[in-house]
Amino acid sequence: MIFLLRRTAKSPVTISIVLVLVAVWVVALTTGSTGPFAPSIIGVNPDVFAHRRWWALLTSLVGAGTIIELVIAIISTVVAVGLAERLMGSWRTLVAFVVTGVTASALGVGLLFVGTQLHEFWSASVHGVLTLDPLTPIAGTLAWASAWAGPLWRRRIRTTLIAVSAALLLYSGQPADLYLMVAVGIGIGLGRLTHRPAAREFWTASRHESRTLLALATAIIAVGPVLTLVSATRYGVLSPLGIAVNSATPSGVGQAIGCIAGRVSPGCFNQLGELRFHSVGGTLVSLLPLVLMLICARGLLAGRRAALVVLVVLLVAESLLSAWYFGVLPAFGTSYVLPLAPQRYGELALWLVVSTLVPLVFAVLLLTRATLFPVRTAPSAIVRYIAGLVIAVFVPSALYLTVGWVLRSGFTPVPNLGEFLLALPERFIPIDFVRGEIRDFVPTTPAARLIWNSIGPLFWLIIVTSTLMLVSHRGRFTREIPDDHGIRRLLAIGSGTLGFMATWAGNRLWTSSNGDFGIAYRVANGFAVTTSDPIGRAADPDAALAEFFAFCDHSAWTPVFYSVHEDWRKRLVDRGWSSLPVAEETTIDPRAFTLEGKVMHDVRYSVNRASRDGVRAAWGTWHQLPRRTTLQISALSEQWMAEKDLPELGFTLGGIDELVDDDVLVGVALDEHDTVLAVTSWLPVRRDGELVGRTLDFMRRSPGGANGVMEFLIASGLQRLGAEGLEVASLSGSPLATPAEGIQNSRALASVLGIMSRTLEPVYGFRSLLRFKRKFAPTLDPMYMVYRDPLQLARIGAAIARCYLPTLTVRQATRILGERTRTRTPAPAPAAAPVPSPASVAKPTPSPVVDPEPAAKAAVLP
């Protein structure tokens with residue numbers, strides 16, 4: 001805390017709020033319930049209107065009920081309000097704190113008052129609860145200040161605030177949670193009104209950022225039920241059965257709520273609570289599924305498909321159990337009677353419906369975003385996981401049936417074998433689902449209680465352990481590819497400069513019958529579009545191609561060879577295929593690279609300037625770089641992506657996911673404070689097992705990086721490759737940089753590619769990038785698309801568009817194309833345009849991407 005306080009030394013508003021919180025707490029503690037800061041005086045509830053205690057709308061914002069709440073409030077103030085003060089200044093922060101807090105409390109109290117008058121169940125239940133909550137204005141202030149943050153952090157701040165406040169309201173259901181949600185909404189709205197950023201308000205997240213947000217949502221859903229377990233009062237919509245056993249329920253409705261889950265005697269819940277809810281076993285059975293969700297959230301963050309499958313199954317099971325125990329059985333069974341006639345019971349029934357649908361809706365959302373999770377687990381790990389599931393079911397079941405039967409005299413009444421079997425499934429189900437069911441028999445001896453309460457935790461412990469091993473498996477993972485080891489073996493034999501892209505997410509691999517030749521491809525619209533040249537080495541290339549054609553025919557796909565070089569183009573054209581140029585690759589012999597000569601004047605100037613400014617280059621794989629550096633690279637990438645109009649491109653364009661590979665060399669430009677100014681990545685090119693070259697892939701520049709830093713970093717990379725004795729360095733090609741007007745074969749294809757080129761050029765600057773790479777005096781090697789049937793060129797163009805933009809929705813496409821149509825301007829002629837600095841360049845084909853709008857320097861959080 002001392003460290004945090006030091007950081008706020010120049011934040012007078014933050015310090016003042018902390019001092020007020022401490023002063024109010026000390027006075028309230030010393031004066032007790034009769035003092036000026038007693039909760040009954042400064043707390044807020046709907047009675048403030050009737051008793052005209054208007055000051056409570058303000059005083060409730062600086063009071064804390066317990067020492068734990070005070071500590072949380074101080075830490076939140078130092079972090080959140082301190083950040084807000086740095087972003088938008090002291091006076092705005094003070095105004096935001098007061099306005100959002102008072103307004104949210106007033107609106108929240110007003111909603112509760114109206115609900116009480118209408119006899120709404122939740123409002124009547126919490127009407128008398130006094131609220132002291134400094135978190136309400138703190139959250140509102142941070143939400144307001146988010147308008148001054150950069151687009152990446154603006155999204156993260158608002159997403160986190162909305163998700164946390166929603167979870168609190170749905171699971172805990174305190175009045176303070178309502179005020180918190182209202183404050184966040186007010187803060188976001190007033191922030192937009194008082195400061196409209198130059199960057200767009202709606203952002204496009206990269207695949208990595210989308211996974212982060214989904215993992216965050218999963219973690220919140222997992223932690224939410226814990227709020228129900230630890231909360232003194234449980235009014236949340238997603239904790240309806242928490243209300244049923246809550247001793248703190250307001251007087252007058254306790255008995256009615258107590259039997260809402262079923263037709264039970266007054267003592268039944270006490271009995272069940274003694275048997276299971278208050279036991280270690282019952283608590284573990286309720287909490288371990290939540291631990292399983294947290295493990296899956298970790299797997300989602302890593303992009304692992306297995307975590308997605310496990311989580312979806314868990315969510316669907318939760319939804320089905322809710323529907324069965326809260327809906328089907330009460331409606332048709334004899335163990336439950338759900339009273340729906342009174343208005344308040346109808347509201348509770350609605351809560352039960354919501355608690356059933358929420359996990360199902362989230363499961364559907366995850367399935368619609370399945371392409372974000374391309375990392376597939378090795379088959380051996382999946383087999384072990386399935387074995388773990390089998391053990392989890394049969395071992396506890398066998399233990400329960402055998403030991404339980406031996407100890408059957410310890411149950412009252414003594415059950416028969418059929419009753420034991422019928423009660424078995426519910427041993428594995430969290431208590432919230434079965435709390436309201438009347439038991440046919442119960443354990444009465446210590447030994448019987450032990451077996452009764454232990455098999456559920458044993459089941460879930462095995463499941464949790466197996467899942468943790470599954471999502472943490474350190475063996476080779478394939479990214480939508482059947483055999484990652486096979487791909488790298490073929491790449492070691494030999495490949496073109498773009499061959500390593502075969503290992504990327506979304507690609508598939510076909511191998512010849514003898515296993516020495518492979519083709520990486522992606523399926524879109526019925527076409528098998530290759531990523532580049534084949535990999536490996538075939539003794540008879542023509543026979544290997546014939547095998548691939550037969551494979552495509554059998555799969556009802558039409559092969560299209562995309563971004564192939566002249567030798568493969570000629571081989572296919574000799575078979576009667578057609579071709580057209582789609583990009584120009586820029587290659588350099590790093591052994592002969594030099595900064596001397598007139599043609600290298602601009603690059604030489606940039607290198608010398610960077611050296612004078614203390615900029616240096618650091619090299620290594622992703623895992624070799626310091627954690628601080630990789631975090632900056634991720635933030636830089638997300639910052640760049642957040643300001644784009646389009647989803648993140650794929651296919652031959654790498655992103656953060658593709659950097660995390662031990663075969664990829666990452667280069668960063670750092671200043672004297674180790675701040676990342678620019679980043680590049682270089683893919684390996686191998687022949688006969690030896691590294692013979694590298695291909696430039698990922699390339700982005702920080703908004704704070706000076707012009708010329710990218711030239712410095714690329715030149716340093718070329719010098720490094722030359723010192724290693726490598727034969728070739730490819731700066732890769734630039735997709736769609738070839739003017740569509742030059743495609744004479746098909747007007748339809750020219751139209752499709754022309755639309756793509758005009759749409760993507762303002763965002764990714766492929767043509768500008770091609771001109772930028774020419775500054776290094778490379779050799780230009782054309783790359784071609786080779787196809788069989790010219791009549792399918794229009795569909796081929798659409799398939800290529802789908803390869804680059806696999807997540808583009810119809811709504812996005814319609815909006816973007818509409819905007820481009822209204823503002824269409826002719827593309828500048830390459831010959832007439834000056835050679836740009838990489839400050840104005842965007843993403844290359846296999847990837848180099850830099851910020852095309854360096855002038856738009858949004859605030860970036862530290």
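For the single chain, residues carry numbers from 1 onward in sequence order.
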Novice: Could you tell me the separation between the OH atom of Tyr521 and the OG atom of Ser555, rounded to the nearest 0.5 Å?
Specialist: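 So the gap between those two atoms works out to 6.5 Å.
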Novice: For the pair Thr368 (side chain) and Leu365 (backbone), establish whether a donor and an acceptor sit closer than 3.5 Å, ignoring hydrogens and angles.
Specialist: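 Checking the backbone N and O of Leu365 against the side chain of Thr368, a donor-acceptor pair under 3.5 Å is found.
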Novice: Measuring from atom CG of Leu470 to atom OG1 of Thr465, what distance do you get when rounded to the nearest 0.5 angstrom?
Specialist: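 That separation rounds to 12.5 Å.
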Novice: Can you see which heavy atom on Met785 is nearest to which on Ile796, and at what distance?
Specialist: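 Heavy atoms of Met785 and Ile796 come nearest at SD-CG2, 3.6 Å.
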Novice: Mind checking the CG-OG1 spacing from Leu213 to Thr159? Nearest 0.5 Å is all I need.
Specialist: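 Output value for this atom pair is 5.0 Å.
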Novice: Sequence neighbours left out, what passes ring-ring contact (aromatic ring centres under 6.0 Å, His included) with Phe459? Give chain and number order.
Specialist: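 In terms of ring-ring contact (aromatic ring centres under 6.0 Å, His included), with neighbours along the sequence ignored, Phe459 is linked to Phe428.
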Novice: For Thr218, which residues count as a side chain to side chain donor-acceptor pair (under 3.5 Å) partner, sequence neighbours excluded?
Specialist: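 Listed in chain order: nothing, the list is empty.
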Novice: If you look at every heavy atom in Ala502 and Ile487, which pair is closest and at what distance?
Specialist: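 Smallest interatomic distance, heavy atoms only, reads O-CD1, 3.6 Å.
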Novice: To the nearest 0.5 Å, what is the distance between CG on Leu169 and CG on Leu180?
Specialist: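 One finds 9.0 Å between CG of Leu169 and CG of Leu180.
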Novice: Which atom names give the shortest non-hydrogen contact between Leu214 and Phe373, and what distance separates them?
Specialist: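 Scanning both residues completely, I find the closest heavy atoms to be CD1-CZ, 3.8 Å.
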Novice: Please round to the nearest 0.5 Å and tell me the distance separating atom CE of Met501 and atom CG of Asn507.
Specialist: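 Met501 atom CE to Asn507 atom CG measures 9.5 Å (nearest 0.5 Å).
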Novice: Got Thr530 and Val560 here, is their nearest side-chain heavy-atom distance under 4.5 Å?
Specialist: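 The answer is no, as the side chains (C-beta and beyond) never meet within the 4.5 Å cut-off.
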Novice: Can you find a pair of side-chain heavy atoms, one from Glu318 and one from Leu360, that are under 4.5 Å apart?
Specialist: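 Not in contact.
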Novice: To the nearest 0.5 Å, how far apart are CD1 in Ile188 and CD1 in Ile162?
Specialist: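 Result: 4.0 Å between the selected atoms.
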Novice: Nearest heavy-atom pair of Leu142 and Ile157: which atoms, and what distance?
Specialist: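 Between these two residues, the closest heavy atoms are CG-CG2, 3.8 Å.
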Novice: Tell me, do Thr531 and Trp504 make a side-chain contact under 4.5 Å, heavy atoms counted?
Specialist: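 No, every pair of side-chain atoms sits at 4.5 Å or beyond.
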Novice: On a heavy-atom basis, which atom in Val316 and which in Ala363 lie closest, and how many Å separate them?
Specialist: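 Answer, listing the atom of Val316 first, then Ala363: CG2-CB, 4.1 Å.
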Novice: Can you tell me if Ser532 uses its side chain to pair, donor with acceptor, with the backbone of Gly499 under 3.5 Å?
Specialist: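 Here the side-chain-to-backbone pair does not exist.
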Novice: What are the two closest non-hydrogen atoms of Arg158 and Ser146, and how far apart are they?
Specialist: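 Closest approach of Arg158 to Ser146: NE-OG, 2.8 Å.
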